[in-house]
2 protein chains.
Amino acid sequence: MKAASLNQRRDEIMDIAVEILTERGYRDTSMLEVAKRASASKETLYAWFGDKRGLFEAVIQRNAQAVQTVLAHHLAGNAPAERVLMAFGCALLELLLGDGAVAINRAAISEARADPTLAQTLASAGREATLPAFIQFLELHRKRGVLRIDTPSEAAEDFLGLLLGDTQVRRLLGLLSAPRKAQINARAARATHAFLRLYAA
Amino acid sequence: MKAASLNQRRDEIMDIAVEILTERGYRDTSMLEVAKRASASKETLYAWFGDKRGLFEAVIQRNAQAVQTVLAHHLAGNAPAERVLMAFGCALLELLLGDGAVAINRAAISEARADPTLAQTLASAGREATLPAFIQFLELHRKRGVLRIDTPSEAAEDFLGLLLGDTQVRRLLGLLSAPRKAQINARAARATHAFLRLYAA
DNA sequence: AAAAAACCGTACCAGTGGGTACGCTTGCTC
DNA sequence: GAGCAAGCGTACCCACTGGTACGGTTTTTT
């Protein structure tokens with residue numbers, strides 16, 4: 001049970017890191033405050049995560065992993081395309097526009113120059129892990145004759161575009177607050193509908 | 001000629017500010033370096049722009065203004081819808097994905113928590129100034145019977161989504177470099193084509 | 001040409017945060 | 001229960017940056 005409670009503690013610290021990250025932004029999140037609020041010592045933080053970057057890299061990886069499993073689950077079933085698109089869209093919106101994800105993306109973006117590592121990690125653990133599954137889903141339905149698609153990867157990007165519009169950027173800029181369930185449903189429905197108008201066989 | 005050369009000097013300083021912003025990011029852009037590279041004194045900078053935030057607020061405003069006039073120009077003519085969409089799309093991509101614009105958006109995003117002012121300014125001088133013109137353009141062509149659109153504002157967002165996909169975010173994350181002319185054309189063409197498939201009467 | 005305003009360069013101040021070192025406590029192992 | 005490792009709290013070092021003050025020089029105005 002030692003290993004279990006150790007991981008639990010790690011999670012606890014990462015939760016707090018995200019919490020402070022959302023309140024303050026990356027640069028104004030001090031290791032001291034993370035330590036204090038977690039009732040940990042700075043030295044422990046540095047021992048466990050290496051440095052500030054390491055801490056948030058761990059945070060990003062954990063988060064992306066969680067996202068990945070949720071999305072993969074939605075794509076796995078054998079439901080009709082429309083239903084899958086709808087569910088996938090809702091999940092994606094919820095995961096991408098939530099406060100935590102926004103804070104993380106902001107961090108990766110602000111450090112993109114000084115330290116591309118965060119963005120790299122975010123990309124490879126996030127988009128690069130999920131998109132192939134979505135493309136595979138599109139190809140499956142193309143073979144079934146449900147969708148008429150030339151280039152699945154482009155079609156995938158179209159769906160993302162229709163789904164998000166410029167909402168994500170506006171969210172990152174702080175011009176929007178996290179959307180409610182109803183708004184998420186509406187967006188996903190609109191995107192699904194438009195996508196099918198474009199690509200339904 | 002005093003006023004002219006004064007404005008010229010202001011522009012010069014703002015150019016340098018953007019230059020350093022693109023190489024270092026907002027937080028790591030020091031007023032001292034801006035002053036030095038502009039052969040100006042810190043005190044002058046503070047006298048002219050108030051503080052760091054003021055300097056970059058001025059930068060944002062100037063930039064947004066430039067963007068605004070370019071885009072408005074494309075929307076103004078009386079060309080067929082497809083041609084306008086194509087031109088507008090290209091211009092928008094070029095302006096939104098260029099190094100300068102990316103640096104500015106990154107700055108606004110990183111400071112979104114600590115100081116929402118930059119993002120606010122960016123929004124009101126940028127999107128809020130241009131989108132209405134685009135919506136008006138859509139409405140015009142609806143009335144002409146060229147486009148079948150329920151809600152112009154939603155259609156506008158669809159076009160933006162199709163145009164950008166998640167390219168802008170990936171660009172902000174530093175995963176992409178500024179696109180070449182050919183890529184811009186391809187994207188704009190695809191978006192225009194898809195948009196017309198969705199909304200052509 | 002003289003007076004006045006603007007401006008450059010430099011030095012200075014205060015606050016801050018990442019990262020390290022160290023003593024003391026806690027809790028697990030044997 | 002003794003020994004040992006892990007971890008908490010604090011203090012410390014160092015570098016840096018935003019913002020201000022000041023003296024000397026250039027430029028404008030009159």
Side-chain angles (χ1 to χ4, degrees), chain A residues 1-17 19-59 103 106-108 110-111 113-118, chain B residues 1-21 23-60 103 106-108 110-111 113-115 117-118:
Chain A
M1 66 174 157
K2 177 186 153 195
S5 80
L6 209 80
N7 278 353
Q8 206 174 329
R9 184 85 175 111
R10 257 182 86 95
D11 273 348
E12 205 178 314
I13 289 177
M14 287 195 270
D15 286 341
I16 285 168
E19 188 181 306
I20 300 181
L21 186 68
T22 56
E23 321 180 345
R24 302 227 190 293
Y26 185 74
R27 277 311 232 270
D28 294 334
T29 293
S30 80
M31 293 296 269
L32 179 62
E33 188 170 359
V34 175
K36 263 187 180 166
R37 213 182 282 188
S39 297
S41 94
K42 267 175 79 175
E43 193 160 7
T44 306
L45 256 58
Y46 280 97
W48 284 15
F49 298 98
D51 57 15
K52 189 176 175 179
R53 189 182 112 312
L55 170 59
F56 286 98
E57 194 144 334
V59 166
R106 276 187 191 147
S110 10
E111 300 307 300
R113 275 286 144 190
D115 170 26
T117 328
L118 294 180
Chain B
M1 69 173 155
K2 176 188 153 195
S5 82
L6 209 80
N7 279 353
Q8 207 175 328
R9 184 87 175 109
R10 257 182 85 96
D11 272 349
E12 206 178 313
I13 290 178
M14 287 194 270
D15 286 341
I16 286 168
V18 173
E19 188 182 305
I20 301 181
L21 186 67
E23 11 184 292
R24 303 228 190 293
Y26 185 75
R27 275 314 231 268
D28 295 334
T29 293
S30 81
M31 293 296 270
L32 179 62
E33 189 170 0
V34 175
K36 264 187 180 165
R37 214 183 282 189
S39 295
S41 93
K42 267 175 77 176
E43 192 160 7
T44 306
L45 257 57
Y46 282 96
W48 285 15
F49 298 97
D51 58 15
K52 188 175 177 180
R53 189 180 112 314
L55 171 58
F56 286 97
E57 193 143 332
V59 165
I60 288 175
R106 277 187 190 145
S110 16
E111 300 306 301
R113 274 287 143 194
D115 170 25
T117 328
L118 294 180

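Computed over heavy atoms, backbone and side chain alike; hydrogens, waters and symmetry mates excluded. None of the values given here were measured: they were computed from a predicted structure. Letters A, B, ... mirror the listed sequences (proteins, then strands); counts begin at 1.
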Cation-pi between Lys52(A) and Tyr26(A): NZ/CZ under 6.0 Å from ring centre and within 45° of the ring axis?
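Judged by the rule (NZ or CZ under 6.0 Å from the ring centre, within 45° of its axis), Lys52(A) counts as positioned above Tyr26(A).
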Measuring from [X]:[atom1] to [Y]:[atom2], what's the distance to the nearest 0.5 Å?
X	Y	atom1	atom2	answer
Lys36(A)	Lys42(A)	NZ	NZ	10.5 Å
Leu21(A)	Met14(A)	CG	CE	13.5 Å
Leu55(B)	Trp48(B)	CG	CH2	11.5 Å
Phe49(A)	Ile13(A)	CZ	CD1	5.5 Å

[X] has an atom [atom1]; how far is it from atom [atom2] of [N], in whole Å?
X	N	atom1	atom2	value
Leu55(A)	dG17(C)	CG	C1'	15 Å
Met31(B)	dA11(C)	CE	P	20 Å
Asp51(B)	dT17(D)	CG	P	17 Å
Ile20(A)	dG17(C)	CD1	C1'	14 Å
Trp48(A)	dG7(D)	CH2	C1'	9 Å
Asp28(A)	dG15(C)	CG	P	17 Å
Glu33(B)	dG9(C)	CD	C1'	16 Å
Leu32(B)	dG19(D)	CG	P	13 Å

Is the shortest distance from a Lys or Arg side-chain nitrogen in Arg9(B) or Glu12(B) to a carboxylate oxygen in the other one below 4.0 Å?
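Yes, this pair counts.
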Check Arg37(A) with Glu19(A), please: is the shortest side-chain N to carboxylate O separation under 4.0 Å?
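Yes, Glu19(A) and Arg37(A) are salt-bridged.
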Quick check on dT17(D): is either OP1 or OP2 less than 4.0 Å from any side-chain nitrogen or oxygen of Arg27(A)?
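No, Arg27(A) has no side-chain N/O under 4.0 Å of OP1/OP2 on dT17(D).
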Arg9(B) side chain N/O closer than 4.0 Å to the phosphate oxygens (OP1, OP2) of dT27(D)?
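Answer is no, no contact under 4.0 Å.
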Got a donor-acceptor contact below 3.5 angstrom from the Thr29(B) side chain to the Gly25(B) backbone?
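Answer holds: yes.
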Is the backbone of Thr22(A) close enough, under 3.5 Å, to the side chain of Arg113(B) for a donor and an acceptor to pair up by distance?
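Yes.
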Nearest-nucleotide 5' precedence on DNA chain C, Lys36(B) against Tyr26(A):
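Comparing both residues, the 5'-ward one is Lys36(B).
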Could you write out DNA chain D as dot-bracket? Rules: Watson-Crick or G-U wobble, both distances under 3.5 Å, brackets [ ] for crossings, | for pairs with another strand, dot for unpaired.
||||||||||||||||||||||||||||||
Looking at DNA chain D, which of residues 37-46 of chain A put a heavy atom within less than 4.0 Å of it?
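Within residues 37-46 of chain A, the residues near DNA chain D are Ser39(A), Ala40(A), Ser41(A), Glu43(A), Thr44(A).
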